[in-house]
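The model shown is predicted, which means the values in this text are computed figures rather than measured ones. Basis for what follows: all heavy atoms, side chains included, without hydrogens, waters or symmetry-related copies.
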Amino acid sequence: STDTHYAAHFDYKTSFENVTVDDGRDVTLDGCRASSYGYPDIVITDIDGSLDPDGSASSGALVSDQPYMTGMFGDNCKSTGGCMAYCAGVCLGMVTFFTERFGTENYKMRVTDVASGLSVDIPGNARTYNERWNTYAYDGQRTFSASLPAGTYTAEFVDESDNPVWPEYAAEQWAQAADCDGGVSVGDVTLIKPPLDTATECADMIRNGDSANRADVTPWLHTKWYGDTVNVLKPGEGKDGGNAIAMDRVHHWTGIAQNLNSICVDAGEGQFYEFNAWLKMTDADGNPSTVIDPNREWWRNQSPILTMNEGRYRDATTKEYLYTAEHRDLAAIVRPYDNNGWGRVHGIFKMMPESPRLWVELERAPDHVKFLLDSASLTPMSCNREKLVRNGNLETGDSLFWDTWGGDVVLDVVPGPNGGSALKSSSRGWYDRTQSQVLNIDCVNAGDRIAFSAKIKSDASCLIYSWDSNARCNDIILHTNKNNVREYHRVGHITADTPDEDGWHHVHGIHVHNENGVNANLAKMYFAEANPIWDVYTADVKAYVLEKNCQALVENPNMEEKDLYWSYTDRDRSKVKVITGVGGSGHALRVYDRDHSWRGLRQVLDPRCFVATEEFTINARFRLTDESLAGVTCDPTYEVNSLDGAQCPSVVIYGRKCASGDVYQQFWNGLDLPWDPEAWNYYEASFAVTDELAACESVEVWIHQINRSWNIEVDDVQIYAI
């Protein structure tokens, strides 16, 4: 009946053999009735020719008597009555393209035989049952079906004026091979896509997303398989007074959805996109919903998320079966969330690889929560080498771009340093569960250095120089996942035990980007390791590329930015403090509580600057003090590394991940000057890059190898190209 047909086209593999039809109307099969029920493209394979009214064919096919079904076969087809035709000697394969329903009513699919030049225009068909079904994301599609003999073909979509058009997407699906020899098969039909100015046409991939210009709900879909009420236009109820779209929901897995243009998807594959939408959520009676909790993980179904639904083939070689794979939690509610107002659903993600069909869906709010949608967009997001972290100081006043690293973590915007704002994570439950952010680092190349920094607080008693899992302070972790190669890099930590006056510590570091991070599927930073019972506060979070500068290799050489970019050599074997610099002004660094001569300072340099035979000069200023901070005297002529020796400061260039093992090059002071225990002493040395050092993936400058009972005080360190 008309109530039960499914896809608005005949997709049943059907074969007859040794059949005799006895019908007083001389009708082999009543295709007229089938067409009235929505099946205008019937194909029945006649294995032995028994369906041929003339009895002359040895095989053939009984098809709907339409030009788009018989036009390729010339005189081989003859009408049999009942809106059917018999085509002798043909074996047909069937390919169907599923497309967007809306805006494609007058489209046709033009299929051309490459060899003969013959073509047919195939109309699209869509089930027309009721409004809920027409807009149902899974089945409310338009189909264009071609049944063809063996050969090579092209297919393209045209409008009523023969202009090339595109129906948003065209998901190719093949019927099982017919029970005959021949028939078109996978790979024989080339789909021609019209040219599209993706820079303008794909600037926003959401259609009818702006309430100010919204006159209807097309092309929004839904995933509600029950009831009659679907997406409804609500004039004047938008966020800024425009026209919103209401969706009546009962179950948490249902939501409002929209297809994406597959040409835009293909052009944007692997690129970052930013999703935005505003939702107002109410209960069944229209009152503000009080059951929304954006601090619960998505699978608890307590808050709306964005899901990307991707069409996939179970077997790409046959393309007989398409199923839907769901990529969830790509966007979520921004905090703070007000039950009485509009909530912003926001997130960034990489566009999926080429797919037969992609469609977005807002879902997973609790049962019986109704949606009012406004101002939705999906736009390309560029990578900014100078600002890899977005909304780092919460300039938007909310958690835009921020989320959590797993768990039911509570995020709040609270007062921060210097009258600004901070992001607080609480109820963490585990060491790595804190605030986090997905980063677009696609403009960062292998070998580039990324600088990370933030102001951070947790418990006042957290230990900077400890690995104790229940006592240590937070670090910055960068996670990357590229083709399922997962890496975790500790890219920042607190170096100096010299917090700001208001108690904020500075966490920072330099990370050398590697090949496994280049164009990663996911890059996400978070603040890990602190005791799970502590709250974690962050502010002024930054990540940016340190551009290559081989003329001056050291960042923050005179410590004007305190300990920024500098690190201890060992976390739990020494300490670092910011002190007054050369001349009684500015800043310098002191390394103290050293349990070994090995302990000191280090900084990650740009390994690309170390080219064989290139020459550099190192300059620095040093002081040495004892535990009472009195100056001590070293021996400039004593050039031996000793735990308790009298050696004066040297500088080490330390190469790691080198072709022939680590490279450790120590340079003693080249200036013939006596050591003054009460002054800042000059240091200078020069060196040429060796082949071994040039073959290192990581190069650092180290200042250590001093008597373990002495403090090392450092300022004005720089390495210049000669």
- Would you check if Thr404 and Leu411 make a side-chain contact, meaning some heavy-atom pair closer than 4.5 Å? yes

- So Glu487 and Asn516, side chain to side chain donor-acceptor pair (under 3.5 Å) or not? Walk me through it. CA-CA 8 Å; Glu487 295 187 350; Asn516 288 335; 2.6 Å; yes

With a cut-off of 3.5 Å and sequence neighbours excluded, list every side-chain donor-acceptor pair involving residues 336-345.
residue: Asp338; atom: OD1; partner: Asn340; partner atom: N; Å: 3.0
residue: Arg344; atom: NE; partner: Asn276; partner atom: OD1; Å: 2.7
residue: Arg344; atom: NH2; partner: Asn276; partner atom: OD1; Å: 3.0

- CG (Leu589) and OG (Ser567) are apart, to the nearest 0.5 Å, by 11.0 Å

- Task: Would you confirm whether Asn556, through its side chain, and Tyr565, through its main-chain N or O, come within 3.5 Å as a donor-acceptor pair?
- Result: no

- Message: For His479 together with Trp405, are the ring centres under 6.0 Å from each other?
- Response: yes

- Item | Exercise: identify the closest heavy-atom pair between Arg656 and Cys696 | O-CB, 3.6 Å

- Could you go step by step and tell me if Thr307 and Glu361 meet the side chain to side chain donor-acceptor pair (under 3.5 Å) rule? CA-CA 5 Å; Thr307 295; Glu361 178 187 8; 5.3 Å; no

- Item | Ion pair Asp595/Arg599, N-O distance below 4.0 Å | yes

- Query: Can any side-chain N or O of Thr223 pair as donor or acceptor with the backbone N or O of Gly255 at less than 3.5 Å?
  - Reply: yes

- With Thr580, which residues qualify under side-chain contact (heavy atoms from CB on, under 4.5 Å), at least two apart? none

- Item | Whether Gln437 side chain and Arg390 backbone form a donor-acceptor pair below 3.5 Å | yes

- Write out all pairs satisfying disulfide (SG to SG under 2.5 Å) with one or both partners inside residues 472-539, taking only residues at least two apart or from two chains. Cys462-Cys473

- Contact check, side chains of His346 and Phe275, non-hydrogen atoms, under 4.5 Å: no

- Query: Under 4.0 Å between a Lys/Arg side-chain N and an Asp/Glu carboxylate O for Glu237 and Lys280?
  - Reply: no

- Applying disulfide (SG to SG under 2.5 Å), which residue pairs with at least one partner in residues 386-454 are found, sequence neighbours left out? Cys383-Cys443

- Ion pair Asp606/Lys548, N-O distance below 4.0 Å: no

- Query: Is it the case that Thr396 and Asn391 place a side-chain donor and acceptor less than 3.5 Å from each other?
  - Reply: yes

- Rounded to the nearest 0.5 Å, how far does OH of Tyr323 lie from CZ of Arg312? 5.0 Å

- Item | Spacing of Asp329 atom CG and Leu306 atom CG [to the nearest 0.5 Å] | 9.0 Å

- Indicate yes or no: does Lys224 engage Asp248 in a salt bridge with an N to O separation below 4.0 Å. yes

- Query: Using 4.0 Å as the upper bound for N to carboxylate O, is an ion pair formed by Arg335 and Asp403?
  - Reply: yes

- Task: Using a strict cut-off of less than 4.0 Å between a Lys/Arg side-chain nitrogen and an Asp/Glu carboxylate oxygen, indicate whether Glu547 and Arg449 qualify as a salt bridge.
- Result: no

- Item | Those residues that, when tested against Lys234, pass side-chain hydrogen bond (donor to acceptor under 3.5 Å, both in side chains) (two or more places apart) | none

Counting only pairs under 3.5 Å, give me each side-chain donor-acceptor contact of residues 282-289, with atom names and distances, residues two or more places apart or in other chains.
residue: Asp283; atom: OD1; partner: Asp285; partner atom: N; Å: 2.9
residue: Asp283; atom: OD1; partner: Gly286; partner atom: N; Å: 3.0
residue: Asp283; atom: OD1; partner: Asn287; partner atom: N; Å: 2.9
residue: Ser289; atom: OG; partner: Val291; partner atom: N; Å: 3.4

- Lys577 atom NZ: more than 12 heavy-atom contacts under 6.0 Å: yes

- Intermediate values then yes/no, side chain to side chain donor-acceptor pair (under 3.5 Å), Tyr526 and Asn474: CA-CA 10 Å; Tyr526 58 102; Asn474 296 78; over 6 Å; no

- Compute the ring centroids of His596 and Trp598, then answer whether they are less than 6.0 Å apart. no

- Item | Cation-aromatic face contact Arg249/Phe371, 6.0 Å, 45 degrees | yes

- Query: So does Arg214 pair up with Asp374, basic N to acidic O under 4.0 Å?
  - Reply: yes

- Short N-O contact, Arg357 and Glu310, less than 4.0 angstrom: no

- Please walk me through it: do Asp475 and His493 pass side chain to side chain donor-acceptor pair (under 3.5 Å)? CA-CA 5 Å; Asp475 295 331; His493 54 250; 5.2 Å; no

- Message: Do His222 and Met247 have side chains that approach each other closer than 4.5 Å (heavy atoms only, starting at C-beta)?
- Response: yes

- Query: Salt-bridged, Asp408 to Arg433, with N to O below 4.0 Å?
  - Reply: no

- Should Tyr654 and Val699 count as side-chain neighbours, where that means a heavy-atom distance under 4.5 Å? no

- Hey, is Lys424 close enough to Asp535 for a salt bridge, meaning N to O under 4.0 Å? yes

- Message: Does this structure show an ion pair linking Asp662 with Lys657, if we count only N-O contacts that are shorter than 4.0 Å?
- Response: no

- Message: Between Arg590 and Asp563 (salt bridge meaning N to carboxylate O under 4.0 Å), is one present in this structure?
- Response: no

- Heavy-atom closest contact (Ser574 atom, Tyr568 atom, distance): OG-CB, 4.3 Å

